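Everything numeric here is computed off the predicted structure, so don't read it as measured data. In the text below, chain A, chain B and the rest are named by the order of the sequence lines, each starting its count at 1.
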There are 2 protein chains.
Amino acid sequence: MKLSTKSRYALEGMLYMAVYGKDRLLTVKEIAAGTAVSPAYMEQIFFTLKKAGLVSTVRGAKGGFTLGYPENEITVGRIIRAIDGDLVPVSCVANLSSCKSKARSNCISRYVWIRISDAIAKTADKQTLEMLKDQFMKESDGAENEDIH
Amino acid sequence: MKLSTKSRYALEGMLYMAVYGKDRLLTVKEIAAGTAVSPAYMEQIFFTLKKAGLVSTVRGAKGGFTLGYPENEITVGRIIRAIDGDLVPVSCVANLSSCKSKARSNCISRYVWIRISDAIAKTADKQTLEMLKDQFMKESDGAENEDIH
DNA sequence: ATAAATCCTACCAATTTAGTAATATATTTA
DNA sequence: TAAATATATTACTAAATTGGTAGGATTTAT
């Protein structure tokens, strides 16, 4: 499966937008700075998010990014899928034809990965940016400039 | 995270043992043949499983492998951990100190991966070899030599 | 002895990941 | 219109990981 740092960066960038980008355009530069990711790399990531429709853009000077959907419609699952592709751990799960072994036990183990896959998807799909933002706001209460983890 | 083909092979090998290896030693050669994995590779995998105690061995001629624990105590989770290490998707989740960003939003995204991690672990840990074997037996009923997936 | 089996390490090729870089294109503003 | 700013797009690369091979060392049954 793929749960890369890239999709983590994507989530952090999107979350940054939800928290700090209400009703205004954010540049990649700002988002990258706010999440401590290299601007060039974040740009590449946002390019992918754009293609998936998860962010909207305005080009040129004074341009920037906004969320492509309401915060409560953007789930962690959508972000991961946009960046890392389907949430499937083993290729054999995705396309059955790659299951070349004749051992029938493979079919059983296949169910195992499907169950795991479903668990991941379910967990990822029920967390929205809105929820995470709320959690963030709550945590920040009375601890604005801590920078403590 | 890591859910590699290697851990899938390990699971298939272990499952093969549960199904075909009751009360007898199985050689890597047989297990590899039964699961359509290269013997040398399967041997390496079983070496790792041995170190984790998941299988027991008898060395020398007429030697071989048996399960290291009762079937109902060997979970998919234990197998995956033995082969691929901890079921943690992002390094930052495992050791907090690698969370070098100053952006507080990282902490929130960290919770996301922890939730996903927990979901994976929970799903993997509740599936035992015994259950999978039972499922296998049931599926095989009246369809012994199908080789259909 | 020798054959069969695990034990253990080293190595390698291919892929993936993480990231840099550079150039093209669009838009604002002076 | 020129300059500055920002996204769009593609190409490239270094490092790590993955998937797998190879081979010798050791142990044990016959």
Side-chain angles (χ1 to χ4, degrees), chain A residues 1-10 12-13 17 21 24-33 35-66 68 80 83-86 88-92 98 100-101, chain B residues 1-10 12-13 17 21 24-33 35-66 68 80 83-86 88-92 98 100-101:
Chain A
M1 193 192 38
K2 306 220 242 143
L3 291 174
S4 60
T5 67
K6 205 167 181 173
S7 57
R8 184 159 62 91
Y9 292 164
E12 283 165 15
M17 291 183 73
R24 73 184 176 103
L25 291 173
L26 295 179
T27 65
V28 157
K29 201 180 286 183
E30 173 178 351
I31 297 169
T35 54
V37 174
S38 124
Y41 198 34
M42 195 55 116
E43 190 173 306
Q44 196 184 96
I45 290 168
F46 268 72
F47 178 48
T48 304
L49 292 173
K50 163 71 190 286
K51 281 188 289 185
L54 288 175
V55 296
S56 301
T57 58
V58 174
R59 297 185 63 166
K62 298 284 176 180
F65 292 86
T66 52
I80 296 176
I83 300 295
D84 286 333
D86 247 345
V88 174
V90 188
S91 71
C92 158
S98 72
K100 46 185 173 290
S101 156
Chain B
M1 192 194 42
K2 307 220 242 142
L3 290 175
S4 61
T5 67
K6 204 166 182 174
S7 56
R8 184 159 61 90
Y9 292 164
E12 283 166 15
M17 291 182 73
R24 72 185 177 104
L25 292 173
L26 294 179
T27 64
V28 157
K29 202 180 285 184
E30 173 178 350
I31 297 168
T35 53
V37 174
S38 124
Y41 199 33
M42 195 55 116
E43 188 174 310
Q44 195 183 98
I45 290 168
F46 268 71
F47 177 49
T48 305
L49 291 173
K50 164 72 190 285
K51 281 188 291 186
L54 289 175
V55 296
S56 302
T57 58
V58 173
R59 297 185 64 168
K62 299 282 178 185
F65 292 86
T66 51
I80 295 176
I83 300 294
D84 286 332
D86 248 346
V88 174
V90 189
S91 70
C92 158
S98 73
K100 48 185 174 289
S101 157

Check this one for me: any side-chain N or O of [X] less than 4.0 Å away from OP1 or OP2 of [N]?
X: B:T5; N: D:dG19; answer: yes
X: B:K6; N: D:dG20; answer: no
X: A:T57; N: D:dA8; answer: yes
X: B:T27; N: C:dA4; answer: no

Please enumerate all residues that pass salt bridge (Lys or Arg N to Asp or Glu O under 4.0 Å) together with A:E30, with sequence neighbours excluded. A:R24
Rounded to the nearest 0.5 Å, what separates atom [atom1] in [X] from atom [atom2] in [Y]?
X: A:R8; Y: A:T35; atom1: CZ; atom2: OG1; answer: 10.5 Å
X: B:M42; Y: B:I31; atom1: CE; atom2: CD1; answer: 7.0 Å
X: A:S4; Y: A:D84; atom1: OG; atom2: CG; answer: 3.0 Å

Can you tell me how far [atom2] of [N] sits from [atom1] of [X], to the nearest Å?
X: B:L25; N: D:dT27; atom1: CG; atom2: P; result: 18 Å
X: B:F47; N: D:dT21; atom1: CZ; atom2: P; result: 18 Å
X: B:Y41; N: D:dT18; atom1: OH; atom2: C1'; result: 7 Å
X: A:I83; N: C:dG19; atom1: CD1; atom2: C1'; result: 14 Å
X: B:I45; N: D:dG20; atom1: CD1; atom2: P; result: 8 Å
X: A:F65; N: D:dT5; atom1: CZ; atom2: P; result: 17 Å
X: B:Y9; N: D:dG19; atom1: OH; atom2: C1'; result: 8 Å
X: A:L49; N: D:dT9; atom1: CG; atom2: C1'; result: 15 Å

Below 3.5 Å, can you tabulate the donor-acceptor pairs from side chains in residues 45-56 of chain B to any protein atom, sequence neighbours excluded?
from: B:T48; atom 1: OG1; to: B:Q44; atom 2: O; distance (Å): 3.3
from: B:K50; atom 1: NZ; to: B:T57; atom 2: OG1; distance (Å): 3.0

For every nucleotide of nucleotides 21-30 of chain C, 5' to 3': is a protein heavy atom under 4.0 Å from its base (B), only from its sugar-phosphate (S), or from neither (-)? ----BBBSS-
Where do A:A32 and A:P39 come nearest, in terms of heavy atoms and distance?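 That closest heavy-atom pairing would be CB-CA, 3.6 Å.
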If every non-hydrogen atom of A:L26 is compared with every non-hydrogen atom of A:G21, which pair is closest and at what distance? CD1-CA, 3.6 Å
